[in-house]
Structure formats: structure tokens, C-alpha cells
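Structure first, commentary second.
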Amino acid sequence: MLSISDLCFERYFERVFEPVSFDLSAGSLLLVTGSNGCGKTTLLRLLAGLLEASEGEIHSREHPLYAGHNPAIKDDLSVEENIRFWMKFMGTRETNTGTELCQQVIEEIGLTPVALQEGRTLSAGQRKRCSLARLLFCDEALWLLDEPYSNLDREGIVMLDRILKTHLDAGGACIMTTHGSLRPEGFELQECHLISGREKYSGTAA
Amino acid sequence: MLSISDLCFERYFERVFEPVSFDLSAGSLLLVTGSNGCGKTTLLRLLAGLLEASEGEIHSREHPLYAGHNPAIKDDLSVEENIRFWMKFMGTRETNTGTELCQQVIEEIGLTPVALQEGRTLSAGQRKRCSLARLLFCDEALWLLDEPYSNLDREGIVMLDRILKTHLDAGGACIMTTHGSLRPEGFELQECHLISGREKYSGTAA
Amino acid sequence: MSRQSAGTAFAALLRRDFLLAYRRRAELLQPLVFLLVVTTLFPLGVGPSPQLLANIAPGVIWISALLATVLSLDSLFRSDYEDGTLEQMVLSGQSLALIALSRTVAHWLVAGLPIVLLSPLLALWMNLPEEGMSILIKSLVIGTPVLSLIGAIGGALTVSLKRGGQLLSLLVFPLYVPLLILATSAVSSSVAGLPYTGQLGLMFAGLIAALTLAPFATAAALKLSLS
Amino acid sequence: MSRQSAGTAFAALLRRDFLLAYRRRAELLQPLVFLLVVTTLFPLGVGPSPQLLANIAPGVIWISALLATVLSLDSLFRSDYEDGTLEQMVLSGQSLALIALSRTVAHWLVAGLPIVLLSPLLALWMNLPEEGMSILIKSLVIGTPVLSLIGAIGGALTVSLKRGGQLLSLLVFPLYVPLLILATSAVSSSVAGLPYTGQLGLMFAGLIAALTLAPFATAAALKLSLS
Amino acid sequence: MNRLYLFFHKTGSPPWFYRFSGYLIPWLWVTFVVLTAIGLYLGLVRAPADYQQGESVRIMYLHVPAAWMSMMIYGLMAVWGFIALVWRIRIMEVLIISSAPVGAAFTIIALITGSLWGRPTWGTYWVWDARLTSELVLLFLYFGVIALYNAFDEPRKAARAASLMAIVGAINLPIIHYSVLWWNTLHQGSSIGSSGSSIHPSMLWPLLIMAIACKFFYGANLLSRSRLRLLRQDHRKRWVQELLSEES
Ligand code: HEM
Ligand SMILES: Nc1ncnc2c1ncn2[C@@H]1O[C@H](COP(=O)(O)OP(=O)(O)OP(=O)(O)O)[C@@H](O)[C@H]1O
Ligand SMILES: Nc1ncnc2c1ncn2[C@@H]1O[C@H](COP(=O)(O)OP(=O)(O)OP(=O)(O)O)[C@@H](O)[C@H]1O
Ligand SMILES: [Mg+2]
Ligand SMILES: [Mg+2]
């Protein structure tokens with residue numbers, strides 16, 4: 001589904017992380033680990049196509065779905081209006097983009113009590129859930145999730161694991177970052193440990 | 001050190017969380033738990049004095065130190081300049097506000113490799129560390145920490161626990177929120193489980 | 001991959017922009033009131049002589065329109081950039097030029113059109129002779145979309161910068177110069193009884209050119225700002 | 001609790017502001033260039049006749065100064081608000097009025113003072129007669145601090161709003177009107193050979209009043225924005 | 001082919017450029033100095049004073065070349081910007097941003113010398129003549145490019161933003177020029193048209209020589225600046241390290 005070879009990225013003409021290579025096949029989950037600041041977010045943004053690699057290559061036939069730190073929620077629209085907009089703009093798995101699907105997504109992601117609340121008023125966890133709602137209606141086979149567990153409560157973590165399971169079982173794939181304290185449970189996973197370019201020379205953790 | 005009784009907060013004439021009461025004595029750690037959106041952040045901001053309680057009372061002789069989601073880091077200043085500014089502005093435990101103390105703080109919080117990097121370029125975890133640096137030089141006895149573990153890597157979590165231990169042993173106190181998946185380890189702690197006002201009536205999780 | 005058709009996405013975006021504008025409908029009045037306030041400053045600053053005011057009226061009205069537009073440009077892409085919406089839009093695979101165009105259209109409808117509608121009042125205030133009125137309106141109808149289109153390029157270039165406001169004005173004002181000259185000279189000519197269709201024709205040509213080129217420049221700038 | 005002395009905190013804050021300004025020193029030129037660009041728009045808009053320009057020169061220069069100030073006001077507290085610095089400052093227990101004053105002083109030094117320094121060039125461009133020059137400069141020296149002080153109140157009131165820019169201008173322009181009238185009439189009087197000390201005296205009184213009152217109003221507005 | 005091309009432009013180019021320009025720069029400087037000496041001698045000593053304007057006419061030998069350079073450099077920036085954006089060639093990004101200050105300086109020189117010249121000839125430092133106004137707008141365009149570049153942190157991103165701005169500005173420049181020209185004649189008539197009174201050869205030659213000298217100055221200055229910028233950007237790169245160890 002995705003294979004990268006010797007990928008690396010330079011900033012200010014210096015490597016952010018040491019070159020990485022991996023292959024990802026359908027149905028598998030790759031966990032990108034590493035200490036704070038080693039370049040996990042940078043790698044994911046590279047894979048999403050938001051940054052351009054300075055060396056190495058990305059082979060992929062998939063158009064990925066990227067969910068980063070930035071939730072893409074409009075402050076002035078309600079949760080429901082936000083989700084509805086993204087459904088219209090990105091298209092959905094089902095042909096139906098109507099109200100029922102939207103209701104269903106909101107229900108499943110656990111935001112029913114705040115469905116009519118404006119984006120600005122959401123708590124940190126509600127915000128995260130709202131940005132993850134995209135996983136439920138988008139059709140992309142490759143998911144790039146940047147610390148999807150952060151700010152979620154226990155219930156939310158279980159929910160996310162369930163969504164992920166369904167996705168992988170249906171032949172999707174997922175690359176996920178984590179700094180190691182929270183990790184998906186009950187999955188077979190590949191792991192890619194990133195080494196920051198700085199660490200390599202100095203030998204200290206960034 | 002701090003005692004609150006039947007504290008609650010209304011927004012749009014509706015209770016955000018059910019009234020809470022607790023006493024906090026020197027040397028103890030209180031963990032505020034609850035699901036996403038139950039009002040943990042709101043409670044902490046009340047205690048810090050950033051919001052005003054609608055019922056109940058807060059008895060406290062302490063001027064607290066609040067570290068929330070917003071890191072108070074200037075994008076254009078380096079990590080070192082940021083920390084130095086806060087040391088000058090808030091005053092420090094030691095009388096010395098000089099370079100050594102600042103270096104020491106940066107070292108201890110694990111930001112030495114990025115000490116000269118501008119605030120804007122920090123990764124999520126580095127940002128969190130930088131905002132937690134305040135814990136190392138401020139003199140306040142009562143700490144209010146809003147999800148201090150989020151975005152930290154394993155090493156960072158151990159570091160934070162160590163800082164916390166020192167603080168509590170020295171007679172300080174701390175109130176910390178968490179949604180339950182990450183919690184301080186090896187501490188004796190009180191727990192305060194928040195129940196969202198909405199939950200009480202509807203019976204569903206927010 | 002169920003890529004949404006461009007038309008549906010464009011419609012969804014426009015719909016969202018109107019919804020947002022409606023949510024903050026109080027803000028819709030702000031460009032208008034800004035225009036009124038700035039125009040009021042002139043009689044206060046240069047003195048109330050009707051003859052003098054009539055002389056400078058086209059210039060003052062157009063300059064106020066430029067200022068009002070530039071002030072509203074900064075927020076054209078900023079909120080979408082800051083909350084990550086822009087990122088997601090780019091990743092969605094929809095044409096960025098189309099997204100840029102849709103935002104520009106929405107911008108003109110909420111910031112440019114009101115200026116056109118308000119201009120008769122301003123002209124009255126500034127003692128603009130009646131012969132000039134209809135040309136003033138025409139020049140604004142043709143000109144304000146160009147302001148939005150060109151301004152969008154500047155807005156996209158500065159969206160990733162913290163304090164883009166003044167830089168933005170530095171970037172776009174020089175580009176507005178021809179428009180300002182053509183428009184004010186059209187109005188003055190009509191007041192003086194001279195022909196003015198030449199100027200309006202040139203402005204119209206500018207509109208066509210901007211409409212075809214600016215969205216692509218804006219898209220390139222957006223792409224750049226995101227990287 | 002080791003509350004820092006007010007003096008040290010004030011100094012630290014000013015130092016930080018200068019450091020920030022120095023870091024973005026390219027941005028220091030922006031108010032200046034904005035002023036140049038806006039002033040240039042006027043001859044383009046109203047025509048190049050030297051007599052006409054001389055007539056409107058004091059008004060145009062002052063209005064451009066108002067606009068440049070207002071544009072830079074939006075960022076006065078915004079960045080501190082958005083990254084949580086303001087919150088921490090309030091919690092630190094330092095006097096909020098002092099914080100407000102310190103920010104205002106820094107603002108004047110980087111946005112007001114350059115206007116004063118640039119004004120001779122603008123006057124030259126706009127054909128202002130030489131007798132008016134020194135009064136123009138004096139009026140700006142007294143007036144621009146008032147612009148910063150009053151503007152800070154508006155900046156503090158709108159800091160929690162997403163798109164504060166235009167609202168801000170609505171709030172502060174009306175407050176600037178007396179200043180504009182006094183200043184331009186002082187300059188015009190001096191050009192016409194009439195006495196002008198009365199106007200300057202009034203402006204000075206305004207400066208004193210603003211200096212004593214505005215920081216407290218700003219502090220109150222900040223407190224309000226944070227809650 | 002494509003890989004080779006990419007390799008050449010991404011890694012091969014800066015050292016090559018550095019070495020190549022190193023050979024070129026001394027010659028450019030020498031030519032500039034020689035031409036300037038000749039031009040100044042002819043212009044300031046040999047050429048006659050104007051029968052109307054007197055000695056002040058000698059400002060021309062600085063003013064006119066500077067004005068020409070200001071326009072030429074902006075045009076070049078647009079060309080390089082286009083190449084930089086389309087083919088992502090780093091040297092072009094470096095060239096465009098090294099050109100901007102030189103161009104702005106020439107523009108300022110043209111404005112200042114023009115103003116100084118205007119005082120004796122027109123009796124005022126500044127009028128809103130078409131040519132003057134468009135030169136001023138050109139200066140603002142330069143400022144815009146420079147300010148935009150400085151506003152970004154990441155040099156490559158900044159250079160690409162500046163390139164885009166330079167291109168947009170270049171498309172507008174002729175439009176601005178003609179609209180301003182037309183604006184002024186419409187309002188005022190050509191009161192100050194510095195219409196080319198067929199210049200006498202004794203004045204034309206020094207003028208042309210000075211104009212060419214300016215181009216050499218630009219070339220030398222540009223290459224020196226670009227080298228410096230490359231060195232600073234790549235100071236951690238291997239080729240710079242090797243260079244340093246060679247030289248020390
Ligand atoms: C601030 C004032 C001035 C500015 C900004 C200015 C600008 C320019 C510019 C941009 C050009 C190049 C025009 C072209 O090649 O298309 C030019 C050429 C020239 N300027 Fe000026 N100028 C100024 C004042 C003057 C004055 C006072 C004189 C003398 C009376 C003068 C005489 C000339 C001459 C003789 C040329 C070359 C003739 C030509 O190429 O047509 N300029 N100036
Ligand atoms: N614009 C930038 N300029 C310079 N350095 C940057 C910039 N952005 C990020 N960095 C640095 O690049 C490194 C990688 O950042 P990145 O955000 O990818 O880290 P991360 O692995 O996601 O870390 P975290 O676990 O803290 O989220 C960090 O050391 C960071 O300081
Ligand atoms: N300005 C507001 N207007 C209306 N409701 C709000 C506002 N701010 C927050 N809320 C609501 O109040 C509740 C409590 O929010 P708070 O941020 O305190 O939650 P939290 O417990 O910190 O959640 P999390 O674990 O997700 O961080 C949420 O349901 C949120 O939607
Ligand atoms: Mg990260
Ligand atoms: Mg919270």
C-alpha cells in the first residue's frame with residue numbers, strides 16, 4: 001500500500017531525522033515511536049504530502065487521510081455543522097450524505113450531548129473526538145494519525161481502538177505516532193523507531 | 001492549604017459539573033478525574049481565579065501556579081529567553097535569577113538540545129516541557145496542572161513524577177486533572193471524580 | 001477513494017462561508033461602518049469646504065474602499081489556516097484554485113458588495129456632483145471584485161505569518177495603484193463632462209484578467225504557506 | 001510566595017518587548033512603509049495638483065498616522081492573549097495597569113515614534129508649506145502617545161475576539177476625532193499665520209489625562225477579556 | 001534522467017556555483033572599476049555642462065543608469081522567481097533574494113539623485129509626475145518582496161514566497177507604469193516630460209559607459225552576495241566543510 005525508502009527531511013539544511021524505510025501492506029498498523037522532538041509529526045506530514053522530502057522516495061497509490069494536532073473545527077459552527085461540512089466537502093463512503101449518516105457518526109464518536117454546541121466551546125477531548133469523526137465517514141484506505149489518543153478518556157481510547165480494528169479488518173492500513181506511553185492494544189503491529197538527526201551526533205535525547 | 005465546599009460553576013444557567021467539595025493539605029496530591037467534557041479544566045480555572053464560581057466557596061491562602069493547555073511560550077523567543085523572561089517576571093525560589101539557574105532548569109526539563117531554538121519550532125512535547133519549566137523555579141506552594149502528562153514521552157513522564165515528588169516532599173500540594181488513561185505513579189493520592197451536570201440528568205456520557 | 005465532485009465541494013464551501021458569515025452577522029456590518037468612519041475622518045481632517053471635498057471625493061471614497069478591503073483580507077484564509085481546515089482541504093485533493101476562488105467570491109459578497117451598496121451615501125456626504133454618482137457605482141462594481149481577487153494572493157502569501165496585517169497592505173497596495181487611478185479618473189472625467197468609457201473598459205479587462213489568473217496565484221501561495 | 005517587585009517585572013516586560021521587536025526587526029519598518037504607501041495613495045487618488053495636495057496635507061498625514069496606529073494596535077495584546085502569556089501575567093499577581101502601561105510604551109516606541117520621524121518626508125511629498133512643518137512634528141510628538149494610550153483600551157477590549165481588526169477601528173476612531181481636529185487645525189493655522197498654541201496646549205492636556213487614566217481602563221478591559 | 005536532473009540541481013549545484021562564481025567575480029569587479037573610472041572621467045571632466053542646467057546635469061551619469069538598473073533588476077527577479085518556482089532550483093532562489101536589496105538600492109539612488117536634480121531644475125524636490133510615481137511604486141514593490149522574505153523563518157519557503165510576489169509584481173509593473181503615465185497626462189498635461197532631447201555624443205558616451213559599469217557592479221555584487229548566502233545556509237554541509245578544510 002505504501003513503501004518508503006531512505007526518506008529524510010531537511011530543515012535549515014539539516015536532517016530532522018535519520019533516513020527511514022518501511023513497507024506497509026493492507027491490513028497492517030505501523031506505530032512510529034520516538035522521544036519528544038524526534039520528528040514523528042514531521043514524518044507524518046511528509047507522508048501526507050504537506051512537506052516535501054529532501055531525500056528518498058515515497059511510493060504510494062493511496063490518497064491518505066491525515067489527522068494531526070490541528071482539529072480543523074470551525075469555532076463558529078456547531079459540531080454537527082462541522083461534520084456535515086466535511087462530509088459534503090470530502091465525500092463519504094456511503095452515497096448518502098444526509099442527516100442520518102451525520103447523526104450516526106456523531107453518536108458513534110460520542111458527541112451526541114454536544115452536537116449543537118459551537119466548536120469554540122468544546123473541551124480538549126471533545127475537540128479531539130470531533131476531529132476523529134472523519135475516520136468514520138471517509139473512504140481513504142490509508143490513515144495517518146498523529147497521536148490520536150492524546151486528550152481522549154478511557155472510553156474514547158476503547159472507541160478509537162474499535163474503529164481502527166474495523167478499518168484494518170476491511171483491508172485498510174494505518175500509520176500512527178506515539179511517544180510510547182499510550183499505544184493501541186490488541187493489535188499486531190509493526191514499529192518504526194525514529195532517531196532524531198541531532199541525537200545521532202550529540203548522543204543526547206532531544 | 002485549600003478547601004472548597006459545594007463549588008460549582010454555571011454556564012448558560014446550567015451547571016457544568018455537580019458541586020464538589022474537598023480539602024487539600026500540604027504535601028498531598030489531588031487527582032481530578034472524569035470523562036471528556038465533564039468540567040475538569042473548568043474546575044482548575046475556577047481554582048486559579050480565572051473564572052468566578054457561581055456557588056460554593058474557595059478557602060485558600062495560597063497564590064497558585066496554574067499550568068494549562070496554553071503554554072505561554074513566545075513564538076519569536078528562544079526557549080532560553082522564554083524561561084529567563086518568566087523567571088524575571090515571576091521571581092524565583094532562589095534569589096539568583098542569573099544564567100546558571102536558567103541553564104539548570106533547561107537541563108533538568110530536558111530541553112538542552114533546543115535551548116536556542118525559537119518557540120514556534122518546538123514539537124508538541126517540547127512545548128509542553130517548556131511550559132512545565134515554570135514548576136522548577138517558581139515558589140508557589142499550590143500547583144494546578146491541567147493534563148500535565150499529555151504529549152510527554154516516557155522519559156518526560158518519569159521526569160514530571162520526580163519533580164512532583166520533590167514538590168510534595170517539600171510540603172507543597174498539587175491538583176492535577178487527567179481523563180484516566182495517564183496517572184501519576186507511586187504517589188498517595190486523593191481522587192475527586194467529577195460528574196458533568198449534563199450526565200446527571202441524561203445518564204449518557206458526554 | 002470517493003473524491004467528491006468539484007461542483008459539490010465548491011457549493012459546500014460557499015454554503016459554509018455563508019453560514020459562518022450569518023453566525024457572525026454583526027461582523028458583516030463592520031466593513032460598512034469602517035468605511036463610514038474613515039470617510040468621516042476626511043471632512044474632519046481637511047476641513048469642511050464643499051468645493052474641496054467634491055474635488056477629493058472620488059479619491060477618498062476609493063481609498064477608503066481599498067483600506068476596508070485590505071483590513072478584511074487578513075482574515076480571508078487565516079482562520080482556515082489556523083484551525084487546520086486549509087490543510088485538510090489541500091489534502092482532500094480538490095483543486096486549490098477552486099477553493100481559492102470560492103473563498104474570494106465569498107469575500108467579495110460580504111466585503112465588496114456592501115461597499116458598492118453604501119457608496120451613494122458616501123458620495124452624498126462628500127458632495128460628489130450627481131453626474132459622477134453612477135460612474136462611481138459602476139467603477140466600484142467592476143473594481144471591488146478585482147480588489148478581492150488580487151488581495152487574495154496577498155492574503156494567501158501572508159497567512160502563515162503571525163502579524164500579516166501590515167505586510168499584507170504593503171504587498172497589495174502597490175498592485176491596487178492602476179485600479180485606483182483608473183477608477184478615480186473615470187469619475188472625475190464624468191464630472192468634468194469628459195469621456196470615461198476608456199477607463200471603465202480597461203478596468204473590465206483587468207477584471208477578466210484577474211478572474212482567470214489570480215485564483216491560480218492564490219492557490220500557489222496557499223500551497224507554499226502550508227509547506 | 002516570592003512575588004517579584006513591580007519595578008523588576010516592569011523592566012523584564014519592557015526588555016522582552018524590545019527583544020521581540022528586535023527579533024522581528026524587519027517588521028519594525030512595516031508601520032513606516034505602510035505610512036509611506038498610504039500617503040502615496042492620496043496623490044494618486046485625488047490627482048497631483050500641488051495646490052490641492054498642500055491643502056489636504058495635514059489631514060492626510062494625520063489620517064495616515066491614525067490608520068497606521070490602528071493597524072498595529074490589533075497585535076498589541078493579541079499574541080500574549082493567544083499563547084496564554086496574558087493569563088499567566090494576570091495570575092502572577094503583578095499590577096495589570098503596569099503591564100498595560102509597559103506594553104503601551106513599547107508600542108509607542110516601535111509604532112508611534114517612527115511616524116514622527118518620518119513625517120518630514122511625508123510633508124515634503126504632500127507639498128506642505130515649510131511654516132507648517134515644525135508644528136506638524138510637534139503635533140505628532142504630543143499626539144501619537146495619546147493614540148497609543150487610547151488605542152490600547154480598544155486593543156484590550158477586542159483581544160478575545162477572533163476578528164478584532166475592524167471592530168477595533170470602530171471603537172477607537174471616534175475617540176481619535178478630537179485629536180485629529182486639534183492637530184490638523186494647529187497645522188493649518190500655523191500655515192495661515194494664525195495662532196496655534198491653544199490647540200497644542202489642549203492636546204498636551206489630553207496627553208496628561210490619557211497617561212494617568214488609560215492604563216487603568218486598559219487593565220480593566222484586559223481583565224474582562226480574560227474571564 | 002529525472003533523478004539525475006534532481007540530483008544535479010539539489011546537491012551538485014551549490015558547490016559548482018560557488019566555484020564558478022569564484023572565478024568570475026574578480027573579473028567583474030575589475031571591469032566595473034575600469035568602466036566607472038572611464039565613465040566618470042568622461043562625464044565629470046570631459047563632457048560639457050548643460051547650457052540650461054549648468055553643472056547639475058552631471059547628476060545624470062548616476063541618475064539615469066541607476067533608474068535603468070532598478071527596472072532591469074526587477075525584471076530579472078521575476079525571471080529567476082519563475083524558474084525557482086517551476087523547477088525548484090535553489091540557486092535561483094538565492095539569486096532572487098540577493099538581487100532584491102541591490103535593486104532597491106538602485107531605486108533609492110534614482111529617487112534621491114532625481115530629487116536632488118529636481119531642486120535646481122524644477123524648483124522642488126518632488127512632484128507627482130508619472131515617471132517619479134511609478135519609480136516610487138517600484139520601490140514599494142521591492143520593499144514588499146524583501147519584507148515578505150524576511151517575514152518567513154525557513155529560507156527556502158521564504159524564497160519561494162518572494163519569487164511569487166516578484167512575479168505578480170512584474171506582471172503589474174507595466175500596467176502600473178502605463179496607468180500612471182496616463183493619469184498624469186490626463187490631469188495635468190506633460191508639464192515636466194523629460195523628453196529625450198537628442199543627447200550630444202559627448203554626453204551620451206559617458207552615460208552608456210556608466211550604464212554598462214552598473215551592470216557589472218550588479219553582477220559582481222549579486223554573485224558575491226549569493227556566495228555568502230550559500231555558505232551561510234550550507235555551513236553544516238559537507239561541501240562547505242571540505243572547502244573550509246581546503247582553505248585552512
Ligand atoms: C525623484 C525624481 C526622479 C525620478 C524618480 C526619476 C526617475 C527616472 C526613471 C525611472 C528613469 C528611467 C526612465 C526610462 O528609461 O523609461 C529616468 C530617466 C531619466 N531622468 Fe529621471 N527621475 C527623476 C528626476 C529627474 C530630473 C530632475 C531630471 C532632469 C531634469 C531627470 C532626467 C532624466 C533623464 C534625462 C533620463 C533619461 C532619459 C530617458 O531615458 O528617457 N530625472 N528618471
Ligand atoms: N519550523 C521548524 N524549524 C526548526 N525546527 C523545527 C521546526 N519545526 C520542528 N522543528 C524541530 O524538529 C524536530 C521534530 O519535530 P516534530 O514536531 O516532528 O517532533 P515530534 O516527533 O512530533 O515530537 P513530539 O513527540 O514532541 O510531538 C523537533 O526537534 C523540533 O524542535
Ligand atoms: N464557553 C463555553 N460555552 C459553553 N460550553 C462550554 C464552554 N466551555 C466549555 N464548555 C463545555 O463545558 C464542559 C466542560 O469543559 P472542560 O473543558 O472543563 O472539560 P474537561 O473536563 O476539561 O474535558 P477534557 O477531558 O476533554 O479536557 C464541556 O462539555 C464543554 O463542552
Ligand atoms: Mg508531534
Ligand atoms: Mg480539559
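So that the names make sense, note that chain A is the first sequence line, chain B the second, and so on, each numbered from 1.
For Val187(C), no part lies near chain D; criterion is any non-hydrogen pair under 4.5 Å. Proximity to chain D involves both the backbone and the side chain of Phe42(C), based on heavy atoms less than 4.5 angstrom apart. Only the side chain of Val37(C) has a heavy atom closer than 4.5 Å to any heavy atom of chain D. Of the two parts of Ile61(C), neither the backbone nor the side chain holds a non-hydrogen atom closer than 4.5 Å to a non-hydrogen atom of chain D. Contacts of Ile63(C) with chain D are made by side-chain atoms alone, with heavy-atom separations under 4.5 Å and no backbone atom involved.
Phe18(D) CZ: more than 12 foreign heavy atoms inside a 6.0 Å radius. Counting non-hydrogen atoms of neighbouring residues, nucleotides and ligands closer than 6.0 angstrom, the OH atom of Tyr81(D) exceeds 12 such neighbours. Within 6.0 Å of CZ in Arg15(D) there are 12 or fewer heavy atoms belonging to other residues, nucleotides or ligands.
Between Leu52(D) and Leu52(C) the shortest side-chain heavy-atom distance falls below 4.5 Å. Residues Leu67(D) and Leu67(C) are in side-chain contact: their nearest non-hydrogen atoms beyond the backbone lie under 4.5 Å apart. Val46(D) is not listed as a side-chain neighbour of Thr184(C), based on a closest heavy-atom distance of 4.5 Å or more.
Pairs of residues two or more places apart, or lying in two chains, never qualify as side-chain hydrogen bond (donor to acceptor under 3.5 Å, both in side chains) while including a residue from residues 119-129 of chain D.
With sequence neighbours excluded, the residues satisfying salt bridge (charged side-chain N to carboxylate O under 4.0 Å, His left out) with Asp83(C) are Lys74(A).
Between chain D and the options Leu180(C), Leu66(C), Val177(C), heavy-atom pairs under 4.5 Å are most frequent for Leu180(C). The candidate with the highest count of non-hydrogen atom pairs below 4.5 Å against chain C, out of Ala183(D), Pro31(D), Ser185(D), Ser72(D), is Pro31(D).
Rounded to the nearest 0.5 Å, atoms OH (Tyr176(D)) and CG (Leu41(C)) are 11.5 Å apart. Distance check: Leu168(C) CG to Phe34(D) CZ gives 10.5 Å after rounding to the nearest 0.5 Å.
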